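FYI, the numbering just counts along the sequence from 1. A quick note: this is a predicted structure, and the numbers were derived from the prediction, not measured.
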Amino acid sequence: MPALTAIPGKIVLRLFLLVQALLVVYPLVWNVLASFKTNTEVMGSPWRLPSSLNWSNYVHAFTTAKMGDYMINSVIIVLLSMAVLLLAAVPSAYVLGRMKFRLRGFIAQFYMAGLFIGGVYIIVPLFILMNEWHMLDNRFWLSTVYATGSLPFSIYLLTGFMKSIPHDYEEAAMMDGCSYFGILLRIIVPMARPGIITLTVFSFFDFWNEYVLAMTFITSDSKKTIPVGLSNLMQIQQFATDWGSLFAGLVIVLAPTILVYALLQKKLTNGMSLGGVKG
(Lines give C-alpha, C1' and ligand atoms only; values in the text may rest on other atoms or scores of the structure.)
Protein backbone atom coordinates (compact mmCIF):
# COMPACT_ATOMS: atom_id res chain seq x y z
CA MET A 1 0.00 0.00 0.00
CA PRO A 2 2.68 2.57 0.83
CA ALA A 3 4.29 1.86 -2.56
CA LEU A 4 0.97 2.38 -4.37
CA THR A 5 0.31 5.66 -2.60
CA ALA A 6 3.80 6.87 -3.50
CA ILE A 7 3.17 6.46 -7.26
CA PRO A 8 0.70 9.39 -7.62
CA GLY A 9 3.06 11.58 -5.65
CA LYS A 10 5.93 10.76 -8.03
CA ILE A 11 3.72 11.50 -11.03
CA VAL A 12 2.70 14.87 -9.62
CA LEU A 13 6.33 15.70 -8.83
CA ARG A 14 7.46 14.77 -12.34
CA LEU A 15 4.67 16.80 -13.91
CA PHE A 16 5.63 19.78 -11.77
CA LEU A 17 9.29 19.46 -12.77
CA LEU A 18 8.27 19.08 -16.43
CA VAL A 19 6.17 22.25 -16.34
CA GLN A 20 8.97 24.10 -14.57
CA ALA A 21 11.48 22.92 -17.19
CA LEU A 22 9.20 24.08 -20.01
CA LEU A 23 8.88 27.51 -18.40
CA VAL A 24 12.66 27.80 -18.39
CA VAL A 25 13.43 26.24 -21.76
CA TYR A 26 10.65 27.82 -23.82
CA PRO A 27 11.95 31.45 -23.66
CA LEU A 28 15.41 30.22 -24.64
CA VAL A 29 14.09 28.27 -27.61
CA TRP A 30 11.89 31.19 -28.66
CA ASN A 31 14.88 33.51 -28.48
CA VAL A 32 16.95 31.22 -30.70
CA LEU A 33 14.13 30.92 -33.27
CA ALA A 34 13.54 34.68 -33.25
CA SER A 35 17.24 35.28 -33.95
CA PHE A 36 16.74 33.71 -37.40
CA LYS A 37 13.64 35.73 -38.30
CA THR A 38 13.27 38.91 -40.26
CA ASN A 39 11.75 42.01 -38.66
CA THR A 40 8.45 41.32 -40.44
CA GLU A 41 8.30 37.78 -39.03
CA VAL A 42 9.19 38.91 -35.52
CA MET A 43 6.43 41.51 -35.45
CA GLY A 44 3.85 39.76 -37.63
CA SER A 45 4.17 36.11 -36.58
CA PRO A 46 6.17 35.91 -33.34
CA TRP A 47 4.90 32.41 -32.46
CA ARG A 48 5.65 30.74 -35.79
CA LEU A 49 8.83 29.07 -36.92
CA PRO A 50 11.14 31.17 -39.12
CA SER A 51 10.58 30.73 -42.84
CA SER A 52 14.35 30.39 -43.34
CA LEU A 53 17.56 30.58 -41.33
CA ASN A 54 18.44 34.24 -41.60
CA TRP A 55 22.14 34.13 -40.67
CA SER A 56 22.54 37.77 -41.62
CA ASN A 57 21.25 38.69 -38.14
CA TYR A 58 24.33 37.08 -36.57
CA VAL A 59 26.61 38.65 -39.17
CA HIS A 60 25.12 42.04 -38.39
CA ALA A 61 25.44 41.46 -34.64
CA PHE A 62 29.11 40.48 -34.96
CA THR A 63 30.12 43.19 -37.43
CA THR A 64 27.94 46.27 -37.19
CA ALA A 65 27.07 45.83 -33.50
CA LYS A 66 30.65 44.70 -32.67
CA MET A 67 29.47 41.80 -30.53
CA GLY A 68 32.54 39.84 -31.61
CA ASP A 69 34.87 42.49 -30.18
CA TYR A 70 32.84 42.66 -26.98
CA MET A 71 33.00 38.88 -26.66
CA ILE A 72 36.79 38.89 -26.99
CA ASN A 73 37.01 41.52 -24.25
CA SER A 74 34.76 39.45 -22.01
CA VAL A 75 36.84 36.33 -22.58
CA ILE A 76 40.04 38.20 -21.69
CA ILE A 77 38.52 39.74 -18.57
CA VAL A 78 36.95 36.47 -17.41
CA LEU A 79 40.20 34.53 -17.83
CA LEU A 80 42.20 37.21 -16.00
CA SER A 81 39.60 37.36 -13.23
CA MET A 82 39.57 33.61 -12.68
CA ALA A 83 43.37 33.46 -12.73
CA VAL A 84 43.68 36.20 -10.09
CA LEU A 85 40.86 34.67 -8.04
CA LEU A 86 42.33 31.16 -7.98
CA LEU A 87 45.83 32.43 -7.21
CA ALA A 88 44.44 34.28 -4.20
CA ALA A 89 41.65 31.96 -3.02
CA VAL A 90 43.32 28.53 -3.16
CA PRO A 91 46.37 29.37 -0.97
CA SER A 92 44.22 31.43 1.42
CA ALA A 93 41.70 28.62 1.86
CA TYR A 94 44.56 26.17 2.35
CA VAL A 95 46.06 28.24 5.16
CA LEU A 96 42.75 28.99 6.86
CA GLY A 97 41.43 25.46 6.53
CA ARG A 98 44.47 23.39 7.47
CA MET A 99 46.87 25.47 9.56
CA LYS A 100 46.57 26.61 13.16
CA PHE A 101 47.90 30.03 14.13
CA ARG A 102 46.90 33.06 16.13
CA LEU A 103 44.17 35.27 14.66
CA ARG A 104 43.10 32.53 12.26
CA GLY A 105 39.51 32.78 13.48
CA PHE A 106 39.52 36.57 13.17
CA ILE A 107 40.90 36.44 9.62
CA ALA A 108 38.31 33.82 8.63
CA GLN A 109 35.49 35.92 10.08
CA PHE A 110 36.90 38.99 8.33
CA TYR A 111 36.63 37.20 5.00
CA MET A 112 33.13 35.97 5.86
CA ALA A 113 32.04 39.55 6.54
CA GLY A 114 32.90 40.30 2.91
CA LEU A 115 30.01 38.06 1.85
CA PHE A 116 27.62 40.83 2.90
CA ILE A 117 29.39 43.58 0.95
CA GLY A 118 28.40 43.74 -2.71
CA GLY A 119 30.46 45.57 -5.30
CA VAL A 120 27.50 47.78 -6.21
CA TYR A 121 27.31 49.13 -2.65
CA ILE A 122 30.89 50.42 -2.69
CA ILE A 123 31.03 51.42 -6.33
CA VAL A 124 31.31 55.17 -5.62
CA PRO A 125 34.35 55.07 -3.26
CA LEU A 126 35.86 52.36 -5.45
CA PHE A 127 35.47 54.56 -8.52
CA ILE A 128 37.11 57.51 -6.73
CA LEU A 129 40.00 55.33 -5.55
CA MET A 130 40.61 53.80 -8.95
CA ASN A 131 40.40 57.20 -10.61
CA GLU A 132 43.07 58.60 -8.28
CA TRP A 133 45.34 55.62 -8.94
CA HIS A 134 44.71 55.74 -12.72
CA MET A 135 43.15 52.26 -12.80
CA LEU A 136 40.04 53.12 -14.80
CA ASP A 137 39.49 51.89 -18.35
CA ASN A 138 41.86 48.97 -17.78
CA ARG A 139 40.81 45.36 -18.28
CA PHE A 140 43.33 43.97 -15.81
CA TRP A 141 42.19 46.20 -12.96
CA LEU A 142 38.56 45.42 -13.74
CA SER A 143 39.50 41.74 -13.50
CA THR A 144 41.14 42.42 -10.15
CA VAL A 145 37.97 44.07 -8.88
CA TYR A 146 35.94 41.06 -10.02
CA ALA A 147 38.31 38.62 -8.31
CA THR A 148 38.44 40.64 -5.09
CA GLY A 149 34.66 40.82 -4.90
CA SER A 150 34.36 37.03 -5.29
CA LEU A 151 37.19 36.23 -2.87
CA PRO A 152 35.08 35.90 0.34
CA PHE A 153 32.67 33.39 -1.19
CA SER A 154 35.54 31.53 -2.86
CA ILE A 155 37.42 31.11 0.41
CA TYR A 156 34.21 30.09 2.18
CA LEU A 157 33.56 27.42 -0.48
CA LEU A 158 37.11 26.04 -0.70
CA THR A 159 37.79 25.99 3.03
CA GLY A 160 35.27 23.16 3.46
CA PHE A 161 37.12 21.06 0.90
CA MET A 162 40.48 21.84 2.47
CA LYS A 163 39.34 20.78 5.94
CA SER A 164 38.04 17.43 4.69
CA ILE A 165 41.40 16.24 3.28
CA PRO A 166 43.14 13.90 5.76
CA HIS A 167 46.32 15.29 7.31
CA ASP A 168 48.10 11.98 6.76
CA TYR A 169 48.93 13.00 3.20
CA GLU A 170 50.62 16.18 4.38
CA GLU A 171 52.58 14.40 7.10
CA ALA A 172 53.86 11.81 4.64
CA ALA A 173 54.85 14.49 2.16
CA MET A 174 56.64 16.54 4.83
CA MET A 175 58.59 13.44 5.91
CA ASP A 176 59.74 13.15 2.29
CA GLY A 177 60.98 16.75 2.41
CA CYS A 178 58.13 18.41 0.54
CA SER A 179 57.57 22.10 1.30
CA TYR A 180 54.21 23.70 2.07
CA PHE A 181 54.09 25.06 -1.46
CA GLY A 182 54.81 21.63 -2.88
CA ILE A 183 52.13 20.05 -0.68
CA LEU A 184 49.63 22.62 -1.92
CA LEU A 185 50.36 21.97 -5.60
CA ARG A 186 50.91 18.20 -5.51
CA ILE A 187 48.40 17.05 -2.89
CA ILE A 188 45.86 19.66 -1.85
CA VAL A 189 44.96 21.09 -5.25
CA PRO A 190 44.37 17.68 -6.93
CA MET A 191 42.27 16.44 -3.99
CA ALA A 192 40.27 19.68 -3.85
CA ARG A 193 39.63 19.62 -7.61
CA PRO A 194 35.81 19.24 -7.28
CA GLY A 195 35.65 22.42 -5.21
CA ILE A 196 37.95 24.29 -7.58
CA ILE A 197 35.84 23.26 -10.59
CA THR A 198 32.67 24.35 -8.79
CA LEU A 199 34.25 27.68 -7.95
CA THR A 200 35.44 28.13 -11.55
CA VAL A 201 31.97 27.55 -12.99
CA PHE A 202 30.29 29.91 -10.53
CA SER A 203 32.93 32.55 -11.16
CA PHE A 204 32.54 32.23 -14.92
CA PHE A 205 28.80 32.86 -14.70
CA ASP A 206 29.32 35.79 -12.36
CA PHE A 207 32.09 37.47 -14.35
CA TRP A 208 30.58 36.83 -17.78
CA ASN A 209 27.21 38.39 -16.92
CA GLU A 210 28.44 41.31 -14.77
CA TYR A 211 27.26 44.67 -16.06
CA VAL A 212 27.36 47.48 -13.48
CA LEU A 213 31.08 47.45 -12.67
CA ALA A 214 32.06 46.97 -16.32
CA MET A 215 29.84 49.85 -17.35
CA THR A 216 31.31 52.10 -14.66
CA PHE A 217 35.03 51.32 -14.83
CA ILE A 218 35.44 50.81 -18.60
CA THR A 219 34.92 53.89 -20.75
CA SER A 220 36.57 52.98 -24.07
CA ASP A 221 34.20 51.32 -26.52
CA SER A 222 36.99 49.00 -27.67
CA LYS A 223 37.34 47.53 -24.15
CA LYS A 224 33.68 47.08 -23.20
CA THR A 225 32.40 43.64 -22.23
CA ILE A 226 29.59 41.74 -23.88
CA PRO A 227 26.82 42.66 -21.36
CA VAL A 228 27.60 46.34 -21.96
CA GLY A 229 27.72 45.73 -25.70
CA LEU A 230 24.35 43.98 -25.56
CA SER A 231 22.89 46.94 -23.69
CA ASN A 232 24.21 49.29 -26.37
CA LEU A 233 22.75 47.03 -29.04
CA MET A 234 19.35 47.08 -27.35
CA GLN A 235 19.40 50.88 -27.24
CA ILE A 236 20.34 51.08 -30.92
CA GLN A 237 17.72 48.57 -32.03
CA GLN A 238 14.97 50.52 -30.27
CA PHE A 239 15.31 53.10 -33.04
CA ALA A 240 16.56 50.88 -35.87
CA THR A 241 13.90 48.18 -35.20
CA ASP A 242 16.35 45.44 -36.21
CA TRP A 243 14.88 42.87 -33.86
CA GLY A 244 16.55 39.89 -35.50
CA SER A 245 20.02 41.25 -34.76
CA LEU A 246 18.96 42.01 -31.19
CA PHE A 247 17.84 38.44 -30.56
CA ALA A 248 21.01 37.19 -32.26
CA GLY A 249 23.01 39.27 -29.78
CA LEU A 250 21.08 37.70 -26.91
CA VAL A 251 21.92 34.23 -28.22
CA ILE A 252 25.59 35.18 -28.49
CA VAL A 253 25.58 36.21 -24.82
CA LEU A 254 23.73 33.10 -23.64
CA ALA A 255 25.60 30.51 -25.71
CA PRO A 256 28.88 30.40 -23.70
CA THR A 257 27.13 30.07 -20.35
CA ILE A 258 24.87 27.29 -21.62
CA LEU A 259 27.86 25.51 -23.19
CA VAL A 260 29.97 25.73 -20.02
CA TYR A 261 27.10 24.49 -17.87
CA ALA A 262 26.33 21.62 -20.28
CA LEU A 263 29.96 20.47 -20.29
CA LEU A 264 30.57 20.78 -16.53
CA GLN A 265 27.07 20.14 -15.16
CA LYS A 266 27.93 16.73 -13.71
CA LYS A 267 31.15 17.92 -12.08
CA LEU A 268 29.38 21.01 -10.78
CA THR A 269 26.63 18.93 -9.17
CA ASN A 270 29.14 16.52 -7.63
CA GLY A 271 31.24 19.38 -6.33
CA MET A 272 28.28 21.10 -4.71
CA SER A 273 27.12 17.87 -3.05
CA LEU A 274 30.61 17.12 -1.77
CA GLY A 275 30.97 20.65 -0.49
CA GLY A 276 27.69 20.38 1.38
CA VAL A 277 28.76 17.13 3.05
CA LYS A 278 32.32 18.17 3.81
CA GLY A 279 31.53 21.68 4.96
Side-chain angles (χ1 to χ4, degrees), residues 17 20-36 53 55 57-62 65-86 89 118-120 139 142-154 157-158 193-218 223-235 237 243-273 275:
L17 294 176
Q20 191 175 25
L22 289 175
L23 292 175
V24 174
V25 173
Y26 177 75
L28 298 177
V29 175
W30 187 92
N31 192 0
V32 173
L33 294 177
S35 67
F36 293 105
L53 298 181
W55 292 101
N57 292 333
Y58 286 89
V59 174
H60 183 269
F62 269 104
K66 300 181 180 180
M67 294 299 293
D69 296 338
Y70 297 141
M71 178 176 285
I72 293 175
N73 290 331
S74 288
V75 170
I76 294 173
I77 291 174
V78 167
L79 292 178
L80 286 174
S81 301
M82 289 194 294
V84 174
L85 178 62
L86 292 177
V120 178
R139 285 174 289 195
L142 177 62
S143 302
T144 305
V145 172
Y146 283 172
T148 304
S150 299
L151 191 60
F153 172 76
S154 303
L157 178 66
L158 291 179
R193 186 176 300 171
I196 296 176
I197 293 176
T198 303
L199 173 61
T200 302
V201 175
F202 278 132
S203 300
F204 174 81
F205 292 157
D206 189 20
F207 300 153
W208 183 265
N209 297 309
E210 202 285 323
Y211 172 78
V212 177
L213 296 178
M215 183 67 181
T216 304
F217 299 143
I218 298 295
K223 299 179 182 179
K224 291 185 182 298
T225 59
I226 197 165
V228 179
L230 180 60
S231 176
N232 294 340
L233 178 61
M234 293 178 65
Q235 294 177 3
Q237 302 313 327
W243 299 107
S245 299
L246 175 59
F247 291 124
L250 291 172
V251 173
I252 293 171
V253 175
L254 292 173
T257 56
I258 296 175
L259 179 62
V260 169
Y261 182 79
L263 294 176
L264 301 177
Q265 183 267 338
K266 185 176 181 180
K267 293 183 178 180
L268 176 62
T269 304
N270 293 337
M272 291 178 64
S273 60

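The two atoms that bring S150 and F207 nearest to each other are OG-CE2, 3.3 Å, heavy atoms only. Minimum heavy-atom separation, T216 to V212: OG1-O, 2.8 Å. Shown here for H60 and S245, the closest heavy-atom pair between the two residues is ND1-OG, 3.0 Å. The minimum heavy-atom distance linking L230 with L250 is given by the pair CD2-CD2, 3.4 Å. Closest of all the heavy-atom pairs between K224 and N73 is O-ND2, 3.0 Å. When all heavy atoms of M71 and P256 are compared, the pair lying nearest together is CE-CG, 4.4 Å.
Side-chain contact between I77 and W208: absent, with no pair of heavy atoms (C-beta onward) separated by less than 4.5 Å. Using a 4.5 Å cut-off on side-chain heavy atoms (C-beta onward), Q20 and L17 make contact. Within the 4.5 Å cutoff, no side-chain heavy atoms of T225 are placed close to those of I218. Residues L80 and Y146 have side chains not in contact (no heavy-atom distance under 4.5 Å, counting atoms from C-beta outward). Within the 4.5 Å cutoff, the side chain of L85 has heavy atoms near those of the L151 side chain.
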For this session: With side-chain contact (heavy atoms from CB on, under 4.5 Å) as the test, would you mind laying out the steps for Y70 and V228 before giving the verdict?
Result: CA-CA 8 Å; Y70 297 141; V228 179; over 6 Å; no

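Separation of atoms OG (S74) and CZ (R139) is listed at 10.5 Å; rounding is to 0.5 Å. We find the CG-CZ distance between L158 and F153 to be 9.0 Å, quoted to the nearest 0.5 Å. Taken to the nearest 0.5 Å, the CG atom of L259 stands 12.5 Å off from the CG atom of L254. Note that the CG atom of L79 and the CZ atom of F204 stand 9.0 Å from one another [nearest 0.5 Å]. Atoms CD and CG, on E210 and L213 in that order, are 4.0 Å from each other to the nearest 0.5 Å. The CG atom of L263 sits 12.0 Å away from atom CD1 of I258, with the distance rounded to the nearest 0.5 Å.
Listed for the D206 side chain is no donor-acceptor partner under 3.5 Å among the backbone atoms of F202.
Judged as a side-chain contact (heavy atoms from CB on, under 4.5 Å), and not counting sequence neighbours, the contacts of A248 are S35, N57, Y58, A61.
Taking the six-membered ring for Trp and thresholds of 30 and 60 degrees, F247 and W30 have ring planes more than 60 degrees apart, a perpendicular arrangement.
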